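Only one structure is covered here, and it is reproduced in the block below.
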Amino acid sequence: MPRYKFSALDVENKKVMGTLDARDEDDFRKQMHSRELFPTKFKALDEKRAAYRLKANEVSELCRQLASMMGSGITVVRAMEIVKDRDSNAPKLKAIYTKLHKDVQQGTALSDAMRVHGNAFPLLLINMVSSGETSGKLENVMNRMSLHYEKEHRLNGKIVSAMRYPKILAFITIAVVLIIFLVVLPNFFDMLADFEIPLITRIVIAFSNILMNYWWLIAVIVMVIIVFVQFLLSHFKIRLAVDKAKLKMPVIGKLLKIIYTARFSRTLSSLYSSGVSMIRALEITGTIVMNTYIEFQFKELVKDVRNGELLSVAVRKIDGFDNKLANTIMIGEEAGRLDDMLISTADSFEYEAEEATGALVALTEPVMIVVLGGLIMIVLLSVMLPMASLYETF
């Protein structure tokens with residue numbers, strides 16, 4: 001049994017450090033919640049991190065294949081054998097699936113075999129597979145997980161695709177600026193060495209000289225800043241403050257709230273409808289949201305629900321979810337169709353996330369164009385003003 005070294009915060013927000021024996025990360029989190037501790041940092045002392053973590057579309061494809069074959073009466077062992085042979089063109093996947101097949105062939109449960117691979121498989125999938133094995137509904141669970149990760153992949157893909165144009169525009173802007181300041185302007189400014197030039201031209205010349213003579217220092221400074229920021233974000237309190245600040249940002253904060261709400265609804269509905277208890281489902285869902293500030297609040301959420309408070313009332317206290325979520329859950333509770341309402345809510349918020357992402361990109365494009373236009377205008381002024389002065393002098 002691996003031993004976990006951890007740093008955590010207790011109910012009084014005091015720092016606690018120590019070690020804890022647990023079967024896996026899931027068991028570790030259970031024990032921490034039972035002790036009313038919120039882990040800020042932890043690692044298994046003998047942990048071997050997976051060399052490859054499956055992407056959402058790969059998880060979806062695996063679940064779809066297993067569900068299809070199990071529905072045809074094929075055993076899990078035989079299904080895994082077929083899966084590992086079909087992924088011969090993906091060496092990393094094949095290695096994971098081969099080990100998975102070997103473990104289940106030796107009698108290990110599929111969920112336990114997945115745990116062995118560390119972070120290769122999502123914690124949600126492992127818990128859902130475990131629930132399906134216990135209830136005898138593994139095929140249904142696999143179908144549900146296939147749909148779950150397919151939608152997650154589609155949403156992530158649309159966000160990445162929507163942000164591609166601003167990234168390309170930013171890259172072009174930086175490239176154009178570097179070419180102008182390092183190649184074009186130096187040759188022109190050499191002609192002006194013996195003349196009096198305007199302030200804006202002197203500033204541009206100074207900036208160009210800095211880029212030419214100290215580019216290596218600028219590169220070092222940028223790298224140091226990146227490493228320093230990563231170091232800061234590794235500290236729980238700073239990461240907590242940053243994730244909280246993200247939610248308060250104009251436009252972006254609203255988009256993130258919608259995405260987090262959709263992710264929460266989809267995950268909770270998958271767990272709850274598969275027979276996982278509400279308390280356990282909430283504990284797992286808190287780690288899936290991918291925001292430290294929201295995850296930190298889940299400790300009180302789980303505590304309130306365990307004490308008999310309605311989920312709709314407890315969720316309303318979470319700072320980071322869309323207000324519509326609590327009202328939708330309340331309707332589901334009153335109608336006795338909470339899992340259906342959560343699925344409907346997830347679909348609704350995923351659609352809103354796509355729309356909000358499109359709106360964000362539509363706002364970003366003109367901003368980037370204005371920035372690029374402003375830089376070009378500065379360059380033109382720095383060139384045209386001294387040219388005009390030279391014309392008047394001649």
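Everything numeric here is computed off the predicted structure, so don't read it as measured data.
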Test applied, side-chain hydrogen bond (donor to acceptor under 3.5 Å, both in side chains); reference residue, Lys317; option that passes from Glu300, Glu309, Gln297
Glu309

Positive for side-chain contact (heavy atoms from CB on, under 4.5 Å) with Met278, one of Leu271, Val302, Leu311:
Leu311

With distance as the sole test, does Lys137 use its side chain to make a donor-acceptor pair with the main-chain N or O of Gly132 at under 3.5 Å?
no

Glu283 bridged to Arg306 by N-O distance under 4.0 Å:
yes

Taking every non-hydrogen atom, the tightest pair across Leu342 and Ile329:
CD2-CG1, 4.0 Å

Identify whether the distance between the nearest side-chain nitrogen and carboxylate oxygen of Asp322 and Lys254 falls below 4.0 Å.
no

Is it true that Val305 and Ile318 fall in one hydrophobic cluster, defined by side-chain heavy atoms closer than 4.5 Å?
yes

What's the shortest heavy-atom distance between Ile74 and Ala79, and which atoms?
CG2-N, 3.7 Å

Should the heavy atoms of other residues, nucleotides or ligands under 6.0 Å from CG of Asn307 be counted, would the total exceed 12?
yes

Stepwise ring-ring contact (aromatic ring centres under 6.0 Å, His included) check, Phe321 with Tyr260
CA-CA 7 Å; Phe321 288 151; Tyr260 294 145; 7.8 Å; no

Run the side-chain contact (heavy atoms from CB on, under 4.5 Å) test on Thr98 and Met80 for me, step by step, so that the C-alpha distance in whole Å, both residues' side-chain angles and the decisive distance to 0.1 Å come before the verdict.
CA-CA 8 Å; Thr98 300; Met80 280 309 309; over 6 Å; no

dist Cys63:SG -> Glu150:CD (nearest 0.5 Å) comes out at 11.5 Å

Tyr272 atom OH: more than 12 heavy-atom contacts under 6.0 Å
no

The reported gap from OG1 in Thr261 to CD in Glu352 (rounded to nearest 0.5 angstrom) is 9.0 Å

Any chain of hydrophobic side-chain contacts (each under 4.5 Å) joining Ile378 to Ile172?
yes

Of all heavy-atom pairs between Ala281 and Leu268, which one has the smallest distance, and what is that distance?
CB-CD1, 3.6 Å

Just by distance, do the side chain of Ser60 and the backbone of Ala56 share a donor-acceptor pair under 3.5 Å?
no

As a test of understanding, state which of Asn127, Ile126, Leu123 forms a side-chain contact (heavy atoms from CB on, under 4.5 Å) with Met114.
Ile126

Compare every heavy atom of Ala113 with every heavy atom of Thr108, then report the nearest pair and how far apart it is.
CG2-N, 3.8 Å

State, yes or no, whether a side-chain contact exists between Lys246 and Ile252 at a heavy-atom distance under 4.5 Å.
no

Between Lys303 and Lys299, is any pair of side-chain heavy atoms under 4.5 Å apart?
no

Report yes if some heavy atom in the side chain of His153 is under 4.5 Å from a heavy atom in the side chain of Val59; otherwise report no.
no

List the steps and the verdict of side-chain contact (heavy atoms from CB on, under 4.5 Å) for Leu100 and Val83.
CA-CA 10 Å; Leu100 209 60; Val83 168; over 6 Å; no

Gap separating the CZ atom of Arg78 from the OG atom of Ser72, nearest 0.5 angstrom
12.5 Å

For Arg266, is there any backbone N or O sitting under 3.5 Å from a side-chain donor or acceptor partner on Ser269?
yes

Check for a donor-acceptor pair, side chain of Ser348 on one end and backbone N or O of Ser344 on the other, with a separation under 3.5 Å.
no

Does Ser146 use its side chain to pair, donor to acceptor, with the backbone of Met142 at less than 3.5 Å?
no

Applying side-chain contact (heavy atoms from CB on, under 4.5 Å), run through Thr75 and Met69 and close with a yes or a no.
CA-CA 8 Å; Thr75 64; Met69 286 184 280; over 6 Å; no

In plain terms, say whether Lys92 and Glu58 are close enough for a salt bridge, that is, a side-chain N and a carboxylate O under 4.0 Å apart.
no

Identify the heavy atoms of Met128 and Ser270 that sit nearest to each other, and give their distance.
CE-O, 3.0 Å

Counting neighbours of NZ on Lys151 that are heavy atoms of other residues, nucleotides or ligands and sit closer than 6.0 Å, is the number greater than 12?
yes

Could you name each residue pair satisfying side-chain hydrogen bond (donor to acceptor under 3.5 Å, both in side chains) that touches residues 224-242, not counting sequence neighbours?
Arg239-Thr292

Are Ile210 and Leu178 connected in the hydrophobic side-chain network, where two residues link if heavy atoms are under 4.5 Å apart?
yes

Is Lys324 close enough and on-axis enough to Phe349, meaning under 6.0 Å and within 45°, for cation-pi?
yes

What closest approach, in Å, do Gly320 and Leu247 show between heavy atoms, and which atom pair accounts for it?
CA-CD1, 3.8 Å

Only one of Leu310, Val313, Thr328 passes side-chain contact (heavy atoms from CB on, under 4.5 Å) with Glu333, and that residue is Leu310

Taking Arg263 for the side chain and Val289 for the main chain, is one N or O donor matched with an acceptor at less than 3.5 Å?
yes

Take Arg64 and Asn143 through the test side-chain hydrogen bond (donor to acceptor under 3.5 Å, both in side chains) and record every step on the way to the result.
CA-CA 6 Å; Arg64 187 190 62 77; Asn143 276 318; over 6 Å; no

Within the 3.5 Å criterion, strictly below it, is a donor on Asn57 or Arg154 matched to an acceptor on the partner's side chain?
no

Donor-acceptor pair, side chain of Glu133 and main chain of Ala109, under 3.5 angstrom
no

Does Val220 belong to the same Ile/Leu/Val/Met/Phe/Trp/Tyr cluster as Leu211, with side-chain heavy atoms less than 4.5 Å apart forming each link?
no

Hey, are the side chains of Leu54 and Ile96 touching, using non-hydrogen atoms and a 4.5 Å cut-off?
yes

Taking Ser265 for its side chain and Thr345 for its backbone only, find out whether a donor-acceptor pair lies under 3.5 Å.
no

Verify the distance criterion only: is there a donor paired with an acceptor across the side chains of Asp319 and Tyr293 at less than 3.5 Å?
yes

